[in-house]
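Okay, structure first, notes after.
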Amino acid sequence: MTLFANSPVKSFVVARVASGLVSIFFISFLVFLGTSMLPGDAANALLGQNATPETVLALRTELGLDQPLPVRYFHWLGNALHGDFGTSLSNSQPVINLLVPRLINSLILAFSAAVIVLPLAVGVGLLAAINRGKAIDTATGSISAIFLSMPSFLIGYLLVFIFAVKLGLFPPLSMVRSSASLPTWISALTLPVLTLVLVAQAHVMKLTRAAVLGVMSSDYILMAETKGIPRNRIILKHALPNALSPIVSICMITMAYLIVDVVVIEAVFNYPGMGKLMVDAVAYRDIPMVLACGVLFSTIFISLNFAADFLAMLVNPRQRLPRKGN
Amino acid sequence: MSGNRVLSIDNLRVETKSGVLLDDVSIHVDRGEVLGIIGESGAGKSTLALSSIMLFKSGCRPTSGSIELCGQSLMELGTTELETIRRTRASYVAQSAAAAFNPFYRLEDQVTEIPAMAQKLTSAQRRRMAVELFEELQLPDPRSFGRRYPHQVSGGQLQRAMIAMALINQPDLIIFDEPTTALDVTTQIEVLRLIKKVASTHNCGALYISHDLAVVSQMADRVVVMRNGKMVEQGPTRQLVDNPQTEYAQRLVAHQGDGTYATANGSDETLLDVRNVDVGYGGVTAVKDASIRLGAGSVLALVGESGSGKTTLARSIAGLQPARTGQIHMRDSVLAPVVERRSFDQRRLIQYIHQLPDLALNPRQTVRDVIGRPLSFFYGLRGAAAEQRLLELMEAIELPATYLDRYPASLSGGQKQRVCIARSLAAKPDILICDEITSALDPLVEESIVKLLTRLIKDEGLSILFITHNLGLALRFSHKTAVMQAGRIVEHGDTRTVFEQPQSDYTRSLIRAVPQLREGWLDGFSADAA
């Protein structure tokens, strides 16, 4: 961090990383507490029809479920810190082995959507700001509002109905193996990515437009106008950089949304991602898996939030640089 | 028209949907000439200034008349042509440099933006241009000055950097829109002298807008007086100052005179005695070892530049910012540092009025709610008794009783400040702390507020701690004056004595920096300083 030595950035990073770690521990405990309060327990769920009081008791002992909650929590935490999230109850494989490929799938989906939606929505938001009050502003605003108001699963099913069922362009389900070829991947990803793009664009677009227009009423924009700077340059070079902080924040939060909140989309398209893994784990009372998914999701969310604030700070000279000095 | 004419505006009328901003205004500026434009806020000064480069706020448009810049009529031009005109022919210097610089870019990138867009010069050449201008404007360390961001330099330096930015395109016309209003007097004088020098050496025409007649009289060759979008009077500066024709201009000039308001001398009985007070927040000590005395029925002016600790000291007296050491006596009692530990009556007896009534009034409360609150809080007044007192208070602040049901948004700045005064009076205090209460108001409104306070001192037996950076006002209004510099009281005594025989160098420099109407005052300043 020599680049930022003596700047407010360093202390910010230290403080936020520390508080982020505390948050992750706290959330892990909450998730642990939550899973322990689920009705029924894993022993019952595992044994199903074969559950007799004796077998349940034996299995509970074997799983360590007979010990008090804090003991179980710290036992789990100690292992987790070494990368051992336990064994899946429904699958008898290490949780981490099941989780990693699913995480990669989710990341592929989320990043594909992000790569499209972030530049697109920021661009459209800018276009709306430049043409404030004109037809293009009204049109983009209305279209984005329509997709914002529709539930994501409905958008997903509509797309499936049109592009898969009626036109037959893409498969209705997106079950792919990691060994599948690239065209297969693209074909499988198109509809879920398109759904995510439509769902996620509204906030980024509207916030970009609002942030840029908010800056446009500043004195330094009037100053630029008196200097004879053309309007497009004013918006891109004078207004946009000062609106970057909120735009970067909403982009990062949208990223977090894309990764964490894809549960519904993955279910609609039967896509083998983390969201679906977690839903299945809850259904089967696969506690170690639920715990691992919960902690991973919250870590991703907290990291992206931190990234949002960190980037917002980096793009603002008043926060990045001390008052005195160069 | 002579070939020297830079700007010529004839019979200009500017309208919005709801009204007329400028009505039949005609001005002209020749090369090497400074035209002063003076008037109250809302008089249309800035609208007129910006119309010279065909820039209008959204919703405003010129409906008749003509605007010619360097012989070219601007009314018929399209956006692109106007932008070219603005880049090459004219420059604008705004009031608040802190807000007018883009916080995102280094100063030199903003100063050299127009040459950079023209792409005729290399970046090294552009940098050299900027450095030369920084040198001319006497900025510290001109070679590296431009590498800084706006938040890293002081207000006076930013204002000078903005003048550098205005000069970089070698304009034919520079518009100075209240360029020193946000500055302290000692900083103002440096900037004024630089502007004057620059205007003569760069051989351009200039518009100089201000609400301060003394400043305009030093800067301008001719002056236009504006009021409510109309030209009231115009003429050569000396003629307008020495022999104003219209009643409004006469009042403006008279306001600059040295008539005093302070009537009877305050009694010698000490009402408030602040002894050796230190006040600070965090690691900063904003007030150091300050002692002041306020006599019963008198006005103590607390003067000094921004950041000198005036408001912090006042807040410690009100108990809002507790003093760390020292004592505050009111009559025979010692006041606790924190307001929560003061008695009900002690709190009632000291009332505080803020600089900006817009921030001190709840926009969703009527005048009746605002003034009625202290009546019920301190005196438990309700119904007819409260109504009676409300009417008395409205009479005291010279507003019609019908205003009781108005909201702040429908009041003018001066009227809002009157409501704040009434709210303080409702508590029947002994001491009013007035924190720059007139500095956001126009000169003639300021005068009416001060007259009101003068009457209240007599009628209500008030004592006033009057914080101001306006030395002329302190001289006219106060019995005693305390001067603050960097958290310390550097001078404290009878107002006349302080102003006529100042003891500290700082007080002397402050008094000397107050702009005067006298001819050649600014030009003589450097000679005096030597």
Side-chain angles (χ1 to χ4, degrees), chain A residues 3-4 6-9 11 126 129-134 137 208 211-248 311-326, chain B residues 46 49-50 52-58 79-107 109-118 141 144-154 162 165-166 168-169 171 174-175 177:
Chain A
L3 181 59
F4 300 119
N6 300 323
S7 92
V9 178
S11 53
L126 268 176
I130 292 175
N131 298 290
R132 180 189 194 174
K134 295 186 190 158
D137 181 22
T208 302
V212 170
L213 287 180
V215 171
M216 287 300 285
S217 59
S218 312
D219 281 6
Y220 53 80
I221 299 296
L222 174 67
M223 192 71 211
E225 285 175 343
T226 67
K227 280 160 78 176
I229 314 289
R231 188 170 163 81
N232 287 357
R233 185 182 159 101
I234 288 181
I235 290 185
L236 291 176
K237 290 215 57 171
H238 289 262
L240 181 60
N242 288 288
L244 272 184
S245 291
I247 294 175
V248 165
L311 288 175
M313 185 171 190
L314 280 195
V315 297
N316 185 344
R318 274 174 297 190
Q319 289 186 29
R320 184 177 72 224
L321 302 167
R323 279 188 64 83
K324 296 292 169 200
N326 306 312
Chain B
S46 291
L50 286 173
S52 63
I53 49 173
M54 276 299 278
L55 205 58
F56 298 95
K57 286 188 205 117
S58 65
T79 313
T80 321
E81 292 155 306
L82 283 174
E83 281 163 1
T84 310
I85 296 268
R86 287 174 201 146
R87 282 200 296 277
T88 53
R89 293 289 189 190
S91 291
Y92 179 77
V93 177
Q95 176 174 29
S96 167
F101 271 106
N102 192 324
F104 193 79
Y105 294 107
R106 296 179 193 277
L107 290 169
D109 293 334
Q110 303 190 52
V111 168
T112 61
E113 184 177 11
I114 293 174
M117 281 175 70
D141 207 356
S144 66
F145 180 82
R147 304 296 299 162
R148 296 173 180 228
Y149 283 90
H151 73 281
Q152 294 179 314
V153 307
S154 74
M162 188 150 58
M165 182 156 78
I168 198 124
N169 58 342
I174 307 183
I175 302 157
D177 192 351

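Lettering follows sequence order; numbering is per chain, from 1. Just so you know, these numbers come straight off a predicted model, no measurement behind them.
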Mind checking side chain to side chain contact (heavy atoms under 4.5 Å, CB included) for B/Leu82 and listing every partner two or more places apart, or none if nothing turns up?
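Scan of B/Leu82 (side chain to side chain contact (heavy atoms under 4.5 Å, CB included), adjacent residues dropped) gives B/Met54, B/Leu74, B/Leu77, B/Arg86.
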
Is there a side-chain contact between B/Arg148 and A/Pro317, using heavy atoms and a 4.5 Å cut-off?
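A side-chain contact is absent here, since even the closest heavy-atom pair is not under 4.5 Å.
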
Output all residues satisfying side-chain hydrogen bond (donor to acceptor under 3.5 Å, both in side chains) with B/Asn169, sequence neighbours left out; order by chain, then residue number.
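Only B/Ser91 meet the side-chain hydrogen bond (donor to acceptor under 3.5 Å, both in side chains) criterion with B/Asn169.
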
Which value, rounded to the nearest 0.5 Å, describes the distance between A/Arg132 atom CZ and B/Ser58 atom OG?
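It is 8.0 Å, given to the nearest 0.5 Å.
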
Residues of residues 217-226 of chain A near chain B, each having a heavy atom less than 4.5 Å away:
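The residues closer than 4.5 Å to chain B, in numerical order, are A/Asp219, A/Tyr220, A/Leu222, A/Met223, A/Glu225, A/Thr226.
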
Is it the side chain or the backbone of B/Ile85 that comes within 4.5 Å of chain A heavy atoms, both, or neither?
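B/Ile85 has no heavy atom closer than 4.5 Å to chain A.
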
Are any of the side-chain nitrogens in A/Arg233 or B/Glu113 under 4.0 Å away from the carboxylate oxygens of its partner?
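Looking at A/Arg233 and B/Glu113, the cut-off is met.
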
When you measure from the side chain of A/Lys227 to the backbone of B/Met165, do you find a donor-acceptor pair of N or O atoms at a distance under 3.5 Å?
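Such a contact is absent between A/Lys227 side chain and B/Met165 backbone.
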
How far apart are the closest heavy atoms of A/Pro230 and B/Met117, and which atoms are they?
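Scanning both residues, the minimum pair turns out to be CD-CE, 3.4 Å.
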
Contacts table for residues 93-105 of chain B: side-chain donor-acceptor under 3.5 angstrom, sequence neighbours left out:
{"from": "B/Ser96", "atom 1": "OG", "to": "B/Ala99", "atom 2": "N", "distance (Å)": "3.3"}
{"from": "B/Asn102", "atom 1": "OD1", "to": "A/Asn242", "atom 2": "ND2", "distance (Å)": "2.6"}
{"from": "B/Asn102", "atom 1": "OD1", "to": "B/Phe104", "atom 2": "N", "distance (Å)": "3.0"}
{"from": "B/Asn102", "atom 1": "ND2", "to": "A/His238", "atom 2": "O", "distance (Å)": "3.1"}
{"from": "B/Asn102", "atom 1": "ND2", "to": "A/His238", "atom 2": "ND1", "distance (Å)": "3.4"}
{"from": "B/Tyr105", "atom 1": "OH", "to": "A/Lys237", "atom 2": "O", "distance (Å)": "2.4"}

